[in-house]
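In the text below, chain A, chain B and the rest are named by the order of the sequence lines, each starting its count at 1.
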Protein chains: 2
Amino acid sequence: MSGDRRVRRTRRMVQEALVALILEKGYDAVTVTDIIERADVGRSTFYAHFSDKQDVLLSNLDQLAFLRPAPAGGPGEPFAFSLPMFEHVREQRELVRAVLGRCGGAMMVAHGEKLIAAIVRDELLAAGARASASLDLLVVCVVGAYIGLLRSWLDGETTASPAELDAAFRAAVEPGVRAALARAGGTRPLQ
Amino acid sequence: MSGDRRVRRTRRMVQEALVALILEKGYDAVTVTDIIERADVGRSTFYAHFSDKQDVLLSNLDQLAFLRPAPAGGPGEPFAFSLPMFEHVREQRELVRAVLGRCGGAMMVAHGEKLIAAIVRDELLAAGARASASLDLLVVCVVGAYIGLLRSWLDGETTASPAELDAAFRAAVEPGVRAALARAGGTRPLQ
DNA sequence: CCGGTGTCGAACAACCTGTTCGGTTATGAA
DNA sequence: TTCATAACCGAACAGGTTGTTCGACACCGG
């Protein structure tokens with residue numbers, strides 16, 4: 001394992017403390033002082049490892065590697081990322097909720113939106129859509145629906161299973177996407 | 001006109017100052033000190049009128065009455081609120097952008113989401129949908145798409161016109177909604 | 001004109017941030 | 001085991017923000 005044991009311990013303590021505090025009070029309300037008290041870490045030690053609160057959250061981003069570059073497999077399933085992502089989120093529920101939930105930082109949410117938007121856009125292009133302004137608007141709608149579902153779930157507004165969420169997402173979005181592809185794409189029909 | 005002229009003046013100055021500052025620096029970065037300097041208002045005066053930053057924004061909410069209770073007119077147009085709302089937003093662009101844009105406060109966005117969600121839900125029920133968990137998920141998707149479009153537009157990521165945005169929204173969402181209504185509602189077909 | 005009300009601005013305590021620095025402790029290598 | 005080193009502690013600090021108080025002053029409406 002790389003590095004000093006103390007370093008790993010300190011970083012882990014701080015990261016876990018922040019996640020726990022966000023879930024308790026919301027991102028904005030958490031102070032650095034809160035974090036170092038909860039993590040039982042010296043003030044100077046905190047700043048030796050992280051530049052600020054947000055940096056701690058960013059350092060956790062590796063574990064959020066549920067953004068795997070799409071399981072390939074050609075243009076098979078329409079929104080192949082959907083179900084696996086819901087399931088990964090369920091596994092790391094705490095962390096994701098702290099980062100993407102309505103109590104999380106707006107910056108992190110924007111980051112997540114961009115990631116999902118890139119995936120959706122690539123999928124639509126692979127499915128035969130042509131790059132255009134109207135495609136971008138479609139992508140915004142699809143991502144908005146997905147993120148909305150995700151946050152609603154993380155915030156406990158629904159108790160649906162990943163499979164049900166996936167189904168709701170597809171039911172809401174697929175018909176519109178198919179129509180758009182049929183209209184502009186033509187060649188390669190989705191699915 | 002109700003009240004002292006000084007009061008109206010002070011309140012207006014503060015509200016305008018906050019909007020301007022949010023557009024410059026983003027909601028989080030604006031401090032009360034910033035506001036009173038920009039508004040040229042005494043510190044104690046500020047706290048005599050508002051309890052804090054967020055209170056100022058909430059006081060502006062009246063002007064955001066573009067949430068008119070749907071122009072009635074029976075189950076005519078599917079998402080009747082869409083185009084008028086985009087147009088109202090264009091008129092009050094500055095204020096709405098400060099409140100709902102990605103630089104605005106998360107709390108305000110959540111508030112706006114709830115308003116739109118209520119409208120969408122009522123419309124779907126009026127169109128014959130049955131209240132259920134899956135309807136709520138559909139509402140979340142529709143609202144997510146709409147808010148996504150709205151914020152993307154407010155943040156200057158697209159230069160589309162209200163009519164184009166409305167068209168994109170309908171194109172993305174209507175097919176899925178029609179399918180859902182046909183499946184569960186049955187009786188009163190949309191449109 | 002005058003009483004009431006709004007405003008000013010300074011000062012305040014309390015809190016948070018990010019940095020510094022000397023002393024202490026644990027770690028990994030020899 | 002020994003030991004140099006790297007990490008940690010914690011107090012203290014300057015700078016900034018918040019929300020409140022208070023006396024002096026200015027303005028408004030009757």
Exercise for review: Name every residue in residues 20-36 of chain B that has at least one heavy atom under 4.0 Å from any atom of DNA chain C, in order of residue number, or write none if there are no such residues.
Suggested key: none

Check your understanding: Which whole-number value in Å describes the distance from B:R43 CZ to D:dT18 P?
Key -> 6 Å

**Study point:** Ring centres under 6.0 angstrom apart (B:Y146, B:F79)
**Key:** no

Review point. For B:E94, does the CD atom sit with more than 12 other heavy atoms under 6.0 Å from it, leaving out its own atoms?
Key: no

Check your understanding: Which whole-number value in Å describes the distance from B:M13 CE to C:dT7 P?
Key -> 12 Å

Check your understanding: Atom CZ of B:R9 to atom P of C:dT5: distance rounded to whole Å?
Key -> 21 Å

Review point. Whole-Å distance between C:dT7 C1' and B:R8 CZ?
Key: 16 Å

Review point. So which of A:H49, A:R11, A:Q54 actually passes side-chain contact (heavy atoms from CB on, under 4.5 Å) with A:S59?
Key: A:R11

Check your understanding: If you check the A:D52 side chain, which of C:dG18, D:dG19, D:dA26 turns out closest?
Key -> C:dG18

Study note, to complete from the structure: Between CZ of A:F50 and P of C:dT17 the distance, given in whole Å, is 15 Å

Exercise for review: Report, as yes or no, whether the 6.0 Å neighbourhood of atom CZ on A:R9 holds more than 12 heavy atoms from other residues, nucleotides or ligands.
Suggested key: no

Revision key, fill the gap. Atom CZ of A:R6 and atom P of D:dA7 are separated, to the nearest Å, by 7 Å

**Study point:** Phosphate OP1/OP2 of C:dT7 contacted by B:H49 side-chain N/O (<4.0 Å)
**Key:** yes

Check your understanding: Can A:R102 and B:E113 be counted as an ion pair, charged N to O under 4.0 angstrom?
Key -> yes

Point to revise | N/O (side chain, A:S44) to phosphate O (OP1/OP2, D:dC8) under 4.0 Å | key: no

Study note, to complete from the structure: When rounded to whole Å, the CG to C1' distance for the pair A:D40 and D:dG10 reads 12 Å

Check your understanding: Just to confirm, is there a sub-4.0 Å distance from OP1 or OP2 of C:dT19 to any side-chain nitrogen or oxygen of A:Y47?
Key -> no

Study note, to complete from the structure: Regarding the side chain of A:D4, the nearest nucleotide among C:dT5, D:dC8, C:dT27 is C:dT27

Exercise for review: Tell me what B:R5 touches on the nucleic acid: a base, only sugar-phosphate, or nothing, going by heavy atoms under 4.0 Å.
Suggested key: sugar-phosphate

Check your understanding: Do B:T45 and C:dG6 have a side chain to base donor-acceptor pair shorter than 3.5 Å?
Key -> no

Point to revise | Nucleotide nearest A:V7 when distance is taken to its side chain, options D:dA7, C:dC21, D:dC28 | key: D:dA7

Point to revise | Given A:L18, A:V14, A:L21, the one that forms side-chain contact (heavy atoms from CB on, under 4.5 Å) with A:R38 | key: A:L21

